Amino acid sequence: MANDKVHIFDTTLRDGEQVPGCKLNTEQKLLIATRLDQMGVDVIEAGFPISSPGDFSSVQEITKIVKNATVCGLTRAVQKDIDVAAEALALAKRPRIHTGIGTSDSHIQHKFNATREQIIERATAAVSHAKKYVQDVEFYAEDAGRTDNEFLAQVCEAVIKAGATVLNIPDTTGYCLPEEYGAKIKYLVDNVRGIEKATLSCHCHNDLGLATANSIAGAVNGARQIECTINGIGERAGNTSLEEVVMIMRQHPGLNLTTDINTQLLYDTSQMVSEAMGMYVQPNKAIVGANAFAHSSGIHQDGVIKNRETYEIINPHDVGVETSAIVLTARSGRAALAYRAKNIGIELTKLQLDKVYEQFLHFADAKKEINDEDIPHIVDAANINSI
Ligand code: KIV
Ligand code: ZN
């Protein structure tokens, strides 16, 4: 199979911003949108225009500054929502309306008190209405993860006929297993008439920690858009993390899936979003966490100092991290201590190193982490001048 591009749809400013306490002002949203555009994101979901006047004007302002990406606004399958989104997107070079409705039996029964037939009618009416304003209309089948595949295929077929260009298959509750989600996408590829006219999109939530795996399973089975957020922020346990899916596709060329993302901007963008939202990135977060390229156990440090690739599958430069870190703790070995001492201009012979290392362990037991300023004190305490 030839290399296949997977479109990256970033919803940091919509699903990400739904997180309590992560509200951004328009200025912050504009900075983030500008960065996403520079980074090569294909679609920026800028907000949910009918939700508040502030969100409406943020979406409108974002359309004015985005140069390359499609700018998308979310709606429910409600005419007024769609009218307002169209107005907010009026100045976009590439506008997209994202409309949809719940399709699982649970949503149909409890949220809408409706029948499957009525849901299809509302879905197609929404897409047809959005088509009056824009050519590019994405339809989401909310809770598709728990929607019966046969009915989901009927919905997809109907909305394609109404003009949907992208079919979003959200695992809204983060329930699916990767094989199950992959099989759902494959079922749609194989069973929806007219599917070649639309792009299938993965929108996976992380309630069971499977959002990234599910999105990749979707892409492997034919989806060509992944919806994700910087740092994986989003409702509850979050959304698929942009940096994770992008780096998985990059590090596994055998998947034959590519993106247009400039990966060297990933770390800085992660920091930018974290600071703007006041939402810290967990240190062990894949790709962008503070410990993602930090080595602290003696065995690993020795290996990395000899050859970085013994314990690193990603070159930190590729994601915009300056260098791997050799962290000094009581679990570190001589190789790490010698390496860090040499970095600050202290070269130690083998005998000297043995003595300094003894002192180092006492210091390290007393202190969580030894930093560069501590090293000269440890060397002094080891009294190596006579050696
Ligand atoms: O998780 C979800 O189903 C959504 C839709 C509104 C696209 O965020
Ligand atoms: Zn979502």
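This is a predicted model, so every value here is computed, not measured. Whatever order the structure lists them in is the order used to number ligands and atoms, beginning at 1. Quick note: numbers below take in every heavy atom, side chains included, and nothing from hydrogens, waters or symmetry partners.
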Worksheet item: Are any side-chain N or O atoms of Gln301 and backbone N or O atoms of Val327, one a donor and one an acceptor, separated by less than 3.5 Å?
Response: yes
Worksheet item: Quick one: are the ring centres of Tyr140 and His98 less than 6.0 Å apart?
Response: yes
Worksheet item: Between Asn168 and ligand 1, which residue portion shows a heavy-atom distance shorter than 4.0 Å: side chain, backbone, both, or neither?
Response: side chain
Worksheet item: Tell me, which protein residue and heavy-atom name are nearest atom 3 (O) of ligand 1, and how many Å apart are they?
Response: Thr172 OG1, 2.7 Å
Worksheet, complete the sentence: The closest protein heavy-atom partner of atom 1 (O) of ligand 1 is His205 NE2, 3.0 Å
Discussion item. Less than 6.0 angstrom separating the ring centers of His377 and Phe360, yes or no?
Written reply: no
Worksheet item: Would you say Glu227 reaches the Zn ion (ligand 2) with an N/O/S atom under 2.8 Å?
Response: no
Worksheet item: For the Zn ion (ligand 2), what is the closest N, O or S atom on His203?
Response: NE2
Worksheet entry | Asp15 atom OD2 and His205 atom NE2 as seen from the Zn ion (ligand 2), angle to 10 degrees | 100°
Item to complete: Can you sort out which atoms of ligand 1 are near Pro170, meaning under 4.0 Å from one of its heavy atoms?
Response: 2 (C), 3 (O)
Discussion item. Is there a polar contact, in the sense of an N or O pair closer than 3.5 Å, between Arg14 and ligand 1?
Written reply: yes
Discussion item. Heavy-atom count check: over 12 atoms from other residues, nucleotides or ligands less than 6.0 Å from Tyr133 OH?
Written reply: yes
Discussion item. So does Asp143 get a backbone contact from the side chain of Thr147, meaning a donor-acceptor N/O pair under 3.5 Å?
Written reply: yes
Item to complete: Heavy-atom distances under 4.0 Å are what count here, so tell me which part of His203 touches ligand 1: side chain, backbone, both or neither.
Response: side chain
Discussion item. When you group the ILVMFWY residues by side-chain heavy-atom contacts below 4.5 Å and let the links chain together, are Leu257 and Ile314 in the same group?
Written reply: yes
Item to complete: For Glu142, take its heavy atoms, then give the atoms of ligand 1 lying under 4.0 Å from any of them.
Response: 3 (O)
Worksheet item: Any side-chain donor paired with an acceptor under 3.5 Å for Glu244 and Thr212?
Response: yes
